[in-house]
Amino acid sequence: MKLRYFSHSAFQITTDSGKRILIDPFLDGNPTSTVKAADVDAEFIILTHAHGDHIGDAFSIAKRCNSLFICVNELADYCASKGFNAHNMHIGGGHTFDFGHVKFTIAHHGSMTPDNQYAGEPSGVVLSIDGKKLYHTGDTGLFYDMKLIGEMNELDYMLLPIGDNFTMGITDAVKAVELANPKIAIPMHYNTFPVINADPQLFKKKVELIGKNCKIMEFGQEIDL
Ligand code: NI
Ligand code: MN
């Protein structure tokens, strides 16, 4: 599978069989994204929560691509109320799709939609695709159950926020890597706006000091996992 990083929390996975999955596609309103929503296609869109910097351009992409939303029940209902296809799930539940397995986790955050609708609990997601396990934490503070998520999943990759203010900052994110114990940590949710400025090189250095690996993805970069 391939992993493409648009910046912020926005990623695209392309499976070995060619299925495309977007996570939190915040592109056109995102000052650090080098890609526009009109240039991105996806059969599936996973949303971790309903904040504008995570729903982003999901609706315009889904309208053009007839994408299936995968999210927690209340947010899936919200997407369905806007006329989109949605697969309702919830925290702790997993489901196998034709591209792989999706399981939602807790996240400590909020999840009101941009038009002030209740969208349930915020979430993280553990994806099992093409033999690899990838944990996108969503927006969250540090929580000790990350240790449990790591123990239950033997994570290959952990995508986690380091920008502070709304989520974990660098110090807490390093602890999160220690708890979840992924093979490789990938920082996200930083430098999009001044209030979440953070130095990914400092994060990488601190992760390496505890004996773990960190990969800093450039904004717009795609890598093979
Ligand atoms: Ni948020
Ligand atoms: Mn956010």
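Just so we're clear, the structure is a prediction, and the values are computed from it rather than from any experiment. In what follows, residues are counted from 1 in the order of the sequence shown. First listed ligand is number 1; within each ligand, the first listed atom is number 1. Both backbone and side-chain heavy atoms feed into the values below; hydrogens, waters and symmetry mates do not.
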Is Glu178 salt-bridged to Lys175, going by a charged N under 4.0 Å from an acidic O?
-> yes
Look up atom OH in Tyr190 and atom CD1 in Ile170, then write down how far apart they are to the nearest 0.5 Å.
-> 10.0 Å
Pair listing, salt bridge (Lys or Arg N to Asp or Glu O under 4.0 Å) test, anchored in residues 135-146, at least two apart | none
The protein N, O or S atoms lying under 2.8 Å from the Ni ion (ligand 1) are His49 NE2, His51 ND1, His109 NE2, Asp139 OD2
Does the shortest distance from the Mn ion (ligand 2) to an N/O/S atom of His54 fall below 2.8 Å?
-> yes
Counting N and O atoms only, with roles assigned by atom type, does the side chain of Asn73 sit under 3.5 Å from a partner on the main chain of His90, one being a donor and the other an acceptor?
-> no
The Mn ion (ligand 2) to Asp53: nearest N/O/S atom name = OD2
Out of curiosity, Met188 CE to Ile162 CD1, how far, rounded to the nearest 0.5 Å?
-> 10.5 Å
Examine distances only and state if a side-chain atom of Gln12 and a backbone atom of Asp41 form a donor-acceptor pair shorter than 3.5 Å.
-> yes
Option passing side chain to side chain contact (heavy atoms under 4.5 Å, CB included) with Leu142 (candidates Asp172, Leu160, Thr171, Thr167) | Asp172
Atom name in Asp139, limited to N/O/S, at shortest distance from the Mn ion (ligand 2) | OD2
Is any side-chain N of the basic residue among Lys183 and Asp156 closer than 4.0 Å to the acidic one's carboxylate O?
-> yes
Measure from the Mn ion (ligand 2) to each N, O or S atom of His189 and report whether any distance is below 2.8 Å.
-> yes
